[in-house]
Number of protein chains: 2
Amino acid sequence: MFSKACEYGIRASIFIAEQSLIDRKVSLKDVAEAIDSPAAYTSKILQKLSRNNIINSDKGPTGGFSMGKKELEKVKLGSIVFAIDGESIYNGCGLGLKKCNEKMPCPVHNQFKMIRDQLKKMLETTTVLSLAVDYEKGFSFLKR
Amino acid sequence: MFSKACEYGIRASIFIAEQSLIDRKVSLKDVAEAIDSPAAYTSKILQKLSRNNIINSDKGPTGGFSMGKKELEKVKLGSIVFAIDGESIYNGCGLGLKKCNEKMPCPVHNQFKMIRDQLKKMLETTTVLSLAVDYEKGFSFLKR
DNA sequence: CAAATAGTGGACAATTTTATCCAATATAAA
DNA sequence: TTTATATTGGATAAAATTGTCCACTATTTG
Ligand code: FES
Ligand code: FES
């Protein structure tokens, strides 16, 4: 469904969001341990999220990754997926034709469109904040 | 969503099904041209489909790939996806945890489960035959 | 200013996926 | 039985994704 990079990106964002809720900046190492991901690779992904204004990062001692109140409220899952995996989720064809195209649809276009539209809607309405709150309550897990 | 191999596999199956409807066996070359895929790679995929009894293949002159009436009626999209991409569509976690697990769900489990269940249902109810019939009528395309 | 800390960026390596090539096998037809 | 044809299987290669290493920059603190 999503690339590994995107999965790490989502998990990292949820962890950073949750820590930001209790006013904590987290280091790369913190993130990698919390979501059980390779640190150096995770670093690249966090850079991308940072450049896309999904999280912010501060250098130096007392530095680390965090999310401000505004970001916490406006960042949806879709923003992360788009930042990392691009628009393929939105306009890609289920059978790999150049682009999804109503006028010259692939044989599974109708079936796929329905599902993809729902996925899209889900991504665009689910906030990282809401997921972070559940995670904080211990209802969900970022590693196993 | 699916691997490239799986996309080729589905497109190939639809083409083979459609040609079988008018009692034609097709060669590897025919398939590769019809779906615009690399022939040698497509060959591997067709082998896998053949071993999974989704299509049949005959060697030698007058050989080629085809689907019998029984296969045409019983093969669903899901059979193809399972044969090529395995069970990850069914039990994989949306955020990349080892397995999807109700007891220790990832933060997006509920949202993903809903979408994945619908995808699953779609894959399990859509027959290759129905897609082949639409394709035959010119309602859909296998390449662009 | 010096030292310690933490993210950044670039090069590189490993792995997985996708793609190619060719000899071997099976089969039908002449 | 010879020949032509078409799939099969194994070895490789190319490309994309995932993962690692290390020197550099920015920043805080003493
Ligand atoms: S054309 Fe294939 S999904 Fe729309
Ligand atoms: S645990 Fe992640 S999708 Fe079910």
Side-chain angles (χ1 to χ4, degrees), chain A residues 1-13 15-16 19-20 24-67 81 83-86 88 92 95-96, chain B residues 1-13 15-16 19 24-67 81 83-86 88-89 92 95-96:
Chain A
M1 185 84 84
F2 302 130
S3 68
K4 219 97 189 73
C6 192
E7 292 172 351
Y8 291 149
I10 294 172
R11 277 153 61 191
S13 298
F15 175 67
I16 293 168
Q19 291 289 294
S20 287
R24 281 197 190 137
K25 277 184 188 174
V26 292
S27 70
L28 171 61
K29 190 157 164 278
D30 292 336
V31 174
E33 280 170 2
I35 73 174
D36 190 28
S37 68
Y41 192 48
T42 305
S43 169
K44 308 296 185 192
I45 297 162
L46 294 182
Q47 282 176 48
K48 193 170 280 188
L49 293 179
S50 171
R51 280 189 233 103
N52 282 80
N53 303 309
I54 289 167
I55 61 177
N56 44 42
S57 72
D58 300 292
K59 285 184 171 183
T62 77
F65 300 94
S66 60
M67 288 180 79
V81 173
I84 299 178
D85 280 351
S88 67
L95 292 192
Chain B
M1 185 82 86
F2 302 131
S3 69
K4 216 102 190 69
C6 192
E7 293 173 350
Y8 291 149
I10 294 173
R11 278 152 63 192
S13 298
F15 175 67
I16 293 168
Q19 291 288 295
R24 278 196 193 139
K25 276 185 188 174
V26 292
S27 70
L28 172 61
K29 189 158 164 277
D30 293 335
V31 173
E33 279 170 4
I35 72 174
D36 190 29
S37 67
Y41 191 49
T42 305
S43 168
K44 307 296 185 191
I45 298 162
L46 294 182
Q47 282 177 49
K48 193 170 280 187
L49 293 178
S50 171
R51 280 189 233 104
N52 282 82
N53 302 310
I54 288 166
I55 62 177
N56 45 42
S57 72
D58 300 291
K59 285 184 171 180
T62 76
F65 300 93
S66 60
M67 289 179 78
V81 173
I84 299 178
D85 280 352
S88 67
I89 283 277
L95 292 191

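In what follows, every chain begins at residue 1, and chains take the letters A, B, ... in the order their sequences are listed.
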Tell me whether the side-chain N/O atoms of Q47(B) come closer than 4.0 Å to OP1 or OP2 in dT7(D). no
Is Y8(B) close enough to dT18(C) that one of its side-chain N or O atoms is under 4.0 Å from OP1 or OP2 there? no
Looking at the side chain of K59(B), which of dA26(C), dA4(C), dT20(D) is the nearest nucleotide? dA26(C)
Looking only at dT28(D), dA19(C), dT18(D), the nucleotide nearest the P38(B) side chain is dA19(C)
Scan V31(B) against the nucleic acid and name what it touches under 4.0 Å (heavy atoms): base, sugar-phosphate only, or nothing. nothing
Nearest whole Å is fine: how far is dA19(C) C1' from D36(B) CG? 14 Å
Exactly one of I10(B), N52(B), I45(B) clears side-chain contact (heavy atoms from CB on, under 4.5 Å) with I84(B), and that residue is I45(B)
Base, sugar-phosphate alone, or nothing: which one does S3(B) contact when heavy atoms must sit under 4.0 Å apart? sugar-phosphate
Could you state the atom-to-atom distance from CD1 of I84(B) to P of dT18(C) in whole Å? 10 Å
From dT18(C), dG9(C), dT18(D), pick the nucleotide closest to the side chain of R51(A)? dG9(C)
Scan N56(A), D30(A), D58(A) and name whichever one has a side chain to side chain donor-acceptor pair (under 3.5 Å) with K25(A). D58(A)
Touch class at under 4.0 angstrom, heavy-atom based, for K44(B) against every strand present: base
In terms of the nearest nucleotide of DNA chain D, which residue is placed more toward the 5' end: A5(A) or P61(A)? A5(A)
Closest to the F65(A) side chain, choosing from dA19(C), dT8(C), dT8(D): dT8(C)
Establish, with yes or no, whether the OP1 or OP2 oxygen of dA6(D) is under 4.0 angstrom from a side-chain nitrogen or oxygen of S57(B). no
Pairwise 5' ranking along DNA chain D for Y41(A) and S43(B), keeping only the more 5' one: S43(B)
Got a donor-acceptor contact below 3.5 angstrom from the S13(A) side chain to the G9(A) backbone? yes
